[in-house]
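Keep in mind that what you see is a predicted model, and the values were worked out from it rather than measured.
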Amino acid sequence: MARLKGENTLRKHFKLTEETAKLLAERSKAENMNESEYIRYLLMNQSGHLKSKDTELELMRMRNEVNKIGLNVNQIVKKNNSHLYRESDKINLGRNQRDDGRTCHDNYGKVDFRSKGNYSMNNRQEAETLVLYYTGTGNSEYVAKKIGEQIEDEIVNLFEKMKGNDYSEIHSARPFVFVYPTYAWQMPRIFRDFILRTSFTGSKCAYFVTTCGDSMGNTPKYLKRLCEQKKFTYMGCAEVIMPENYIAMFNAPEKPEAVKIIKNADIIIKSTVDVIKHNGTIPEKKVGAFAKVSSGLVNTLFYPLFVNAKKFYATDACIGCGKCTEVCPLNNVNLKDGKPVWEDQCTHCMACICKCPEEAIEYGNRSKGKPRYQCPL
């Protein structure tokens with residue numbers, strides 16, 4: 001089958017080698033499709049069994065390209081890339097996106113895709129907030145700031161509102177992006193409860209970005225429940241692997257290793273930003289049995305069995321500065337006779353032990369000799 005006008009441009013856009021371009025031509029011909037149709041066919045029929053991180057990132061990037069097509073048909077028809085797509089594709093993709101509430105494109109206005117790497121909108125409404133984050137030792141703050149910088153929007157640290165039990169209205173004209181750490185393979189209960197009790201107005205679409213040392217488990221299942229309760233449209237959850245900080249149980253990396261992990265995370269952050277910019281849906285990963293058990297039964301048991309402050313204590317190195325009282329989101333730490341005392345409302349965020357300037361706080365014998373982790377970048 002002869003290639004449509006613009007197929008060479010399509011090959012150039014995806015940076016295909018001569019060998020890959022030849023293979024694409026052969027397989028599309030075998031399926032009685034042109035190359036544009038064959039690429040979209042592959043994208044729309046992925047099994048979910050991704051072979052590698054590189055494959056996953058490339059598929060996410062290509063899915064974003066498809067999302068761009070459907071977001072604003074006028075942009076496709078009128079601008080200089082319109083020749084790449086058949087008229088039937090433009091109509092069908094546009095109709096599908098308009099019918100798919102998950103895109104929430106009305107909240108973003110008309111996106112101009114003509115400038116590569118730049119994010120610009122016409123008739124853009126100013127939002128009071130967009131990227132909302134909670135962090136214990138800085139990992140989620142780092143990710144939130146990276147996202148905020150790349151989508152050129154405001155970020156808000158929810159720590160003071162959470163610490164002050166402030167559940168006043170939060171408004172955004174565009175989708176909310178919630179960034180937070182993973183606790184026991186789910187969203188921290190303190191953060192979930194804050195979202196449930198707070199009024200969110202404006203956009204009803206929500207993206208979630210969770211940082212974790214290993215895996216977020218089956219987190220999306222529980223985020224979807226949360227969205228149902230809050231009447232949000234669930235736009236997906238991105239898993240960002242960051243340095244481990246849970247020194248009550250695991251070891252935190254030394255600074256050089258931590259920096260390396262964070263630099264690797266920047267790739268996932270960038271791909272997630274691309275999805276958010278184009279109002280796409282973050283792809284879901286296949287969830288195995290271990291992930292289901294971790295986010296389910298293990299999470300249920302973990303809180304009553306392990307999440308408490310009984311083992312925290314201050315050593316003789318404590319200078320009574322009160323830093324631990326300031327960084328606790330639950331106001332669970334108080335100074336008594338110049339020394340910290342822990343109450344029974346702890347979420348194991350590790351802020352007190354990791355942010356102590358004298359490293360004078362221990363968690364039983366578990367934390368002894370371990371590096372105190374704070375995001376180094």
*Could E362 and R372 be called an ion pair, given the rule that one side-chain N must be under 4.0 Å from one carboxylate O?*
yes
*Keeping the roles fixed (side chain from S295, backbone from K292), state whether a donor-acceptor pair exists under 3.5 Å.*
no
_Would the distance check show the side chain of K230 and the main-chain N or O of T198 forming a donor-acceptor pair, the cut-off being under 3.5 Å?_
yes
*With no hydrogens and no angle check, is any side-chain donor or acceptor of E254 less than 3.5 Å from a backbone partner on P371?*
no
*Do the side chain of H171 and the main chain of F200 share a donor and acceptor less than 3.5 angstrom apart?*
no
*Donor-acceptor pair, D166 side chain versus E160 backbone, under 3.5 Å?*
no
*Tell me yes or no: between the side chains of S172 and S203, is some donor less than 3.5 Å from an acceptor?*
no
_Side-chain donor/acceptor of K146 to backbone N/O of K270, under 3.5 Å_ = no
*Count the heavy atoms belonging to other residues, nucleotides or ligands that lie under 6.0 Å from NZ of K255, then report whether that count exceeds 12.*
no
*Between K224 and E284, is there a salt bridge with N-O shorter than 4.0 Å?*
yes
*Evaluate whether atom CG of N365 has more than 12 neighbouring non-hydrogen atoms of other residues, nucleotides or ligands under 6.0 angstrom away.*
no
*Could you tell me if the ring centre of F208 sits under 6.0 Å from that of F178?*
yes
_Sidechain N-carboxylate O distance under 4.0 Å for D153, R174_ = yes
*Could you tell me whether E141 and K145 have a side-chain N and a carboxylate O separated by less than 4.0 Å?*
yes
*Can you check whether C349's main-chain N or O pairs, donor with acceptor, with T347's side chain at less than 3.5 Å?*
no
_When you measure from the side chain of K339 to the backbone of L335, do you find a donor-acceptor pair of N or O atoms at a distance under 3.5 Å?_
no
*Do side-chain atoms of T182 reach the backbone of M216 as a donor and acceptor pair under 3.5 angstrom?*
no
